[in-house]
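To start, the structure itself, in structure tokens.
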Amino acid sequence: DTAVSQTPKYLVTQMGNDKSIKCEQNLGHDTMYWYKQDSKKFLKIMFSYNNKELIINETVPNRFSPKSPDKAHLNLHINSLELGDSAVYFCASSQGTAGGQDTQYFGPGTRLTVL
Amino acid sequence: QKEVEQDPGPLSVPEGAIVSLNCTYSNSAFQYFMWYRQYSRKGPELLMYTYSSGNKEDGRFTAQVDKSSKYISLFIRDSQPSDSATYLCAMRTGNQFYFGTGTSLTVIP
């Protein structure tokens, strides 16, 4: 039973298009994240939501907009796609935000290719 | 300076060897330390999680944290070809997680 799932797994699109990536977790976690992993494997956090509330918003172009309809879902919408947006996008979730033992569980990733 | 530094490798060892993977960090506020394993075209999966300085063992894996030196290590004993993957260290303070760039490991049969 998949804990953190993402759709689609692969996304190939043209520059200038708008696309969305969906993420769902069935772990009952309160916090969800979006990461971008570039070709050099560097994982960089983009956003984090706790109980549908934005708590981390790193320096990311405002073409990227996260949306959390409920605490089990965190979607990522990208407007006006650019070549540099090509990367693997990972969704993750964790139980809480601070204090205590807490770590993240990752989805399988969405490989985005912008042509 | 990056928050977390990790040698990207690649590291290639024969089967059965002991592997040592390391990360250094600059932020003394980091409280929790993790190691993730990432197979090609897969998401990172949690291997080890530590809080305090010292060693933590789980099967063939040992995680070591030295907060005074701001240095963490992952040791893999009796390495297997199935251990071939990228290993990422990660650190947390509050609700912020920081990842190393990952070390690519290949275990040769």
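Since the model is a prediction, treat every value here as computed from it, not as a measurement. A, B, ... follow the sequence lines: proteins, then strands. Residue 1 opens every chain.
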Return yes when atom NZ of A:Lys22 has more than 12 non-hydrogen atoms of other residues, nucleotides or ligands closer than 6.0 Å, and no otherwise. no
Cluster overlap A:Ile45 with A:Met32, hydrophobic side-chain contacts below 4.5 Å: no
Need one label for B:Tyr98: side chain, backbone, both or neither, based on atoms under 4.5 Å from any heavy atom in chain A. neither
Do the side chains of A:Leu43 and A:Leu74 join up, straight or via other hydrophobic residues, at under 4.5 Å, putting them in one cluster? no
Same apolar cluster (I L V M F W Y, side chains within < 4.5 Å links), A:Leu112/A:Val4: no
Counting heavy-atom pairs under 4.5 angstrom with chain A, the leader among B:Gly100, B:Ala90, B:Pro44, B:Pro8 is B:Pro44
Are A:Gln104 and B:Met34 side-chain neighbours, meaning at least one heavy-atom pair lies under 4.5 Å? no
Hey, is CD on B:Glu15 packed in by over 12 heavy atoms from elsewhere, all under 6.0 Å? yes
Ring pair (Phe, Tyr, Trp, His ring centres under 6.0 Å) test vs B:Phe99 passes for just one of A:Tyr33, A:Phe106, A:Phe42, namely A:Phe106
Shortest non-hydrogen contact from A:Phe90 toward B:Lys42: CZ-O, 3.6 Å
Separation between OG of A:Ser48 and CZ of B:Phe97, rounded to the nearest 0.5 Å: 8.5 Å
With a 4.5 Å cut-off on side-chain heavy-atom distances among I, L, V, M, F, W and Y, is there a chain of contacts connecting B:Leu105 to B:Phe61? yes
Heavy-atom distances under 4.5 Å only: say whether A:Tyr10 touches chain B with side chain, backbone, both or neither. side chain
Is B:Leu47 reachable from B:Tyr25 through a run of I, L, V, M, F, W or Y residues, each pair having side-chain heavy atoms under 4.5 Å apart? yes
Non-hydrogen atoms of chain A under 4.5 Å away: do they reach the side chain of B:Gln38, the backbone, both or neither? side chain
Segment of A:Gln37 engaging chain B (4.5 angstrom heavy-atom cut-off): side chain
